[in-house]
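Report on one structure; see the data block that follows.
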Amino acid sequence: PAGTSSVTIPGGTAAALLHAAPHLPKRAADGTPAIAGIVLSREPCSYADVAVAKRHRLPWLMQMHGVLEHYDLPDLFATLGRREGPAALVISPLGAAGRPLSRRRADAELTLARQRFAAVG
């Protein structure tokens with residue numbers, strides 16, 4: 001619809017969008033969703049994964065001291081799973097070393113988000 005957009009995140013900025021998304025306007029002036037969807041492509045999937053890695057490739061923009069005391073990236077992603085929220089798509093999520101996660105590992109990381117999106121249809 002007019003006034004609706006999707007957001008695709010370029011490398012290293014997923015955390016910034018996930019932090020901002022709950023605060024973005026829900027509706028455009030004409031009543032359509034302000035953001036129809038968010039696509040995270042080839043982005044790190046979890047701060048916890050980075051915290052336990054011997055070496056990581058977490059982009060500087062995503063490094064946040066003490067964040068795991070409060071939440072992780074999958075928790076932020078799950079906040080999008082509400083009826084008035086945008087659709088979301090994760091493509092080739094990365095582990096701490098910057099390599100794609102296996103399907104099983106990605107599913108495990110994003111379980112809460114998947115459950116929240118399924119609950120709202």
Side-chain angles (χ1 to χ4, degrees):
T4 301
S5 60
S6 293
V7 180
T8 302
I9 304 304
T13 57
L17 178 68
L18 289 174
H19 282 93
H23 307 288
L24 296 173
K26 308 287 186 272
R27 301 270 172 201
D30 64 0
T32 59
I35 295 179
I38 295 173
V39 179
L40 303 177
S41 179
R42 298 191 49 77
E43 291 289 331
C45 193
S46 165
Y47 286 129
D49 190 38
V50 172
V52 298
K54 289 182 181 181
R55 293 181 184 246
H56 67 80
R57 290 191 168 190
L58 186 68
W60 180 84
L61 293 170
M62 291 183 70
Q63 296 183 23
M64 298 179 65
H65 177 73
V67 71
L68 284 172
E69 294 175 11
H70 306 284
Y71 59 85
D72 198 355
L73 293 176
D75 301 317
L76 289 177
F77 197 67
T79 66
L80 301 176
R82 55 188 194 278
R83 197 161 298 283
E84 73 279 359
L89 176 63
V90 178
I91 302 171
S92 298
L94 303 178
R99 292 188 293 272
L101 294 177
S102 68
R103 169 72 185 234
R104 173 182 266 167
R105 180 82 186 281
D107 282 348
E109 291 285 351
L110 297 168
T111 297
L112 177 61
R114 188 174 55 254
Q115 290 170 344
R116 294 252 176 100
F117 277 96
V120 297

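Counting begins at 1 with the first residue of the sequence. Just so you know, these numbers use all the heavy atoms, side chains as well, and skip hydrogens, waters and symmetry mates.
- Under the 4.5 Å side-chain criterion, counting only non-hydrogen atoms from C-beta, L94 is in contact with P100.
- In terms of heavy atoms, L101 sits closest to C45 at CD1-CB, 3.8 Å.
- Residues P74 and A113 share a closest heavy-atom pair of O-CB, 4.3 Å.
- A continuous path of hydrophobic side-chain contacts links V67 to L110 [ILVMFWY only; heavy atoms under 4.5 Å].
- Of the inter-residue distances, the one linking D75 atom CG with Y47 atom OH reads 11.5 Å to the nearest 0.5 angstrom.
- L112 and L68 are not part of a single hydrophobic cluster, where members link through side-chain heavy atoms under 4.5 Å apart.
- Pairs of residues two or more places apart, or lying in two chains, that qualify as salt bridge (Lys or Arg N to Asp or Glu O under 4.0 Å) and include a residue from residues 103-112 are D49-R105, R103-D107, R105-E109, D107-R114.
- The shortest non-hydrogen separation linking F77 to F117 is O-CE1, 3.9 Å.
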